[in-house]
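One structure below.
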Amino acid sequence: MKHTHGNTPKPKPPTSRDGIETWLDVLTSMLSLPSSQRTQVRDELEDHLRSRVDDLLVLGKSEAEAIRTAISELGETAQLARHISSASRTPKSFRRFAMNATFFVLAGSVLTASVSMMIPTHTNTTLPGATEAIVVETAEVTEPIRHRFNHEREPVVDVLQSIATAYGLSFRFSDGVRKSPFGKTILDTQLNTFKGEYTLKEAIDAFQARMYMTYGETVLAMTENELILMTLEEHKRMQIEIQAYQIPSWAESDDDQRNYGFSIEQLISTKHDLEYTTIQPVNGSLVVAAPPEVHAEIISMAAQLEAIGKSMQAQKTQQRIEQHAQMTRRIDRLRAEYEAAKSVYFAEREKANEFSNRIDELRSRRLFVRSNDELSKEQQEALQTQINNLGEQSKQQEITTDEAKARFERLQSILIDAESELILSDINDALPIEGMNDSKDEMRTVSIMGTANMRSGIYQLPEAGKLTLARFLMAADVQDPNGKVLLQRGGVSEPIGTVGDISSGTIDSIVLLPDDQVVITAAD
Amino acid sequence: MLTLKQDHSTLIVLSVLADGPSYGYAISKAIAAKSDGHFKLTASGMYPLLTKLEKQGLVTTSWEEVKAEGADPDATGRRRKWYTLSPKGHKQLAKHIEANRQMQALLDAFVAPAVNDQNAHA
């Protein structure tokens, strides 16, 4: 079918493995549905998330932020999985899944895998523009069906068979149980009574109560269409789920990724028996085959690592701010020294000029006098001596001037270096850093032009973070606070305000986008 | 915060699909846009509801491969599930609308005198 209606924006190409994939892995693992249906739910939600992310990117969010928002808008993961699972099941298979794949352990510790703890809950964020939202929720699914049982002195097998049949399941002993020493005993055992009206979960609980303390290491487990009495080991293996987790981007090399996997394994081994767990880094992802409780541990650990990463990022930002302030202070000091040296040099040059002017004057007088023969020889000699003396002083003055000039030029070059260092750090590492923008496939630039007293030209947009107009004006060293700033974006020219108002924050600064042009015109 | 009955969300989704086939995210956007942001159908409300509508035969579904802009033309894109209102869905929607009108008329009969009364006192 062709769909031509609606103006849906073209989706962006997805980046390799991102938060969406990881979240979908978690959600899919919580769906109690056959694998073909899981894939369909996954595909549909992936389309939803990526479409939302595309919209958020257009609104100016960073990719990481957009992914976080899109996921949090979907609501609590476990609840979503539960609602989707129950709606997708047919009424018959719903009964089979009524217990949401919870397993019951006979005569041993009860293992329940609570999926709701597997991911931190998110608060619902309203769609942009939404005022008082009226949330539409579907009603919870209907109560599971109850059956009446009335068994007296019947073999265990028959009772189990009867429970299974009542809820549309089949029953069997696992291979492990059949081969085990107690397998034969179970087959021969009779239950005194099994009576009452139960849901499937209650029936299994009741059965467990009857059998309690009789057989260890046995689990009555439920699959999609079967009730199986299995050994603890078989049960453990059955619970194993394979999932991929994204390895943080700082673990770049293969060695780093291996070490990351190893560290996770070490940490988890302090709390869990890893007999049924394998952790293997594969191409940027950590592939983990493990029981649900280990997955839950990894997810909570990942959340903590992310929090640590964020605080490190904040620390780095703070350092950048301090470093920036330091650089600015140094530039201020250098500029003061430079200005002083400049005045000294200009003053000395003025003096040197005076000397050469006076010498020129005396020389022309001497020439004039000689041609007119008006002065005596003594007078001529005195004039020559005066010229010689002045020449001597002039030479001295030139040395002083050269020294002043050398100092001035040296300070000038140090100042220029320091300023370009600041500009480079402003451009490449702009503050504040709000998430990484990794969708960069071409040069993204902004340009500035205008009055002479600034660094006109084309600047590369920072790869990380955002470049605001205020910061850009600073980087381009726009001096005149009365200069008028014009922003040309997408062919439209818009006056923003004066340099002073933007720099001081009186006017809210604008985040520059690729291909923006900033034009500064002199004040009237 | 007001909670709408599932009945209402069915009416809302069916009426969005009456405008033409659509997919999950576009449906949620259409609802937010049409209601000026006042109605919000959460994902855990909408997707189970769409599944239910599909099972009841009120909508038919199809899959489309969506390619990203600038993506490798040979690479596989992501899959988008489209929902189309079936003839049965159209009938059901008409019934819903009619029932809603009747309910509205009934409510108006109660509300109108009260409003007039208030105005009289004002």
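Every value quoted in this text rests on a predicted model; they were computed, and no experiment measured them. A, B, ... follow the sequence lines: proteins, then strands. Residue 1 opens every chain.
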TODO: Would you please indicate yes or no on a ring centroid separation below 6.0 angstrom for Tyr23(B) and His48(A)?
DONE: no
Which pair of heavy atoms, one from [X] and one from [Y], lies closest together, and at what distance?
{"X": "Ala43(B)", "Y": "Leu74(A)", "answer": "CB-CD2, 3.3 Å"}
{"X": "Tyr83(B)", "Y": "Glu44(A)", "answer": "OH-OE2, 2.5 Å"}
{"X": "Arg78(B)", "Y": "Ser51(A)", "answer": "NH2-OG, 3.3 Å"}

- [ ] Report yes or no: does Lys81(B) contribute a side-chain atom to a donor-acceptor pair with the main-chain N or O of Leu45(A) at less than 3.5 Å?
- [x] no
Task: From Leu49(B) atom CG to Ile84(A) atom CD1, the distance as rounded to the nearest 0.5 Å - done: 12.0 Å
TODO: Name all residues meeting the salt bridge (Lys or Arg N to Asp or Glu O under 4.0 Å) criterion together with Glu98(B); count only those two or more places apart in sequence or in a different chain, and write none if there are none.
DONE: none
Task: salt bridge (Lys or Arg N to Asp or Glu O under 4.0 Å) partners of Lys91(B), counting only residues at least two apart - done: none
Task: Flag if over 12 foreign heavy atoms under 6.0 Å of CD1, Ile242(A) - done: no
Is [Y] close to [X] at the side-chain level, that is, under 4.5 Å between some pair of heavy atoms?
{"X": "Tyr47(B)", "Y": "Val41(A)", "value": "no"}
{"X": "Gln40(A)", "Y": "Arg79(B)", "value": "yes"}
{"X": "Glu73(A)", "Y": "Ser28(B)", "value": "no"}

Task: N-O pairing of Asp43(A) and Arg80(B) below 4.0 Å - done: no
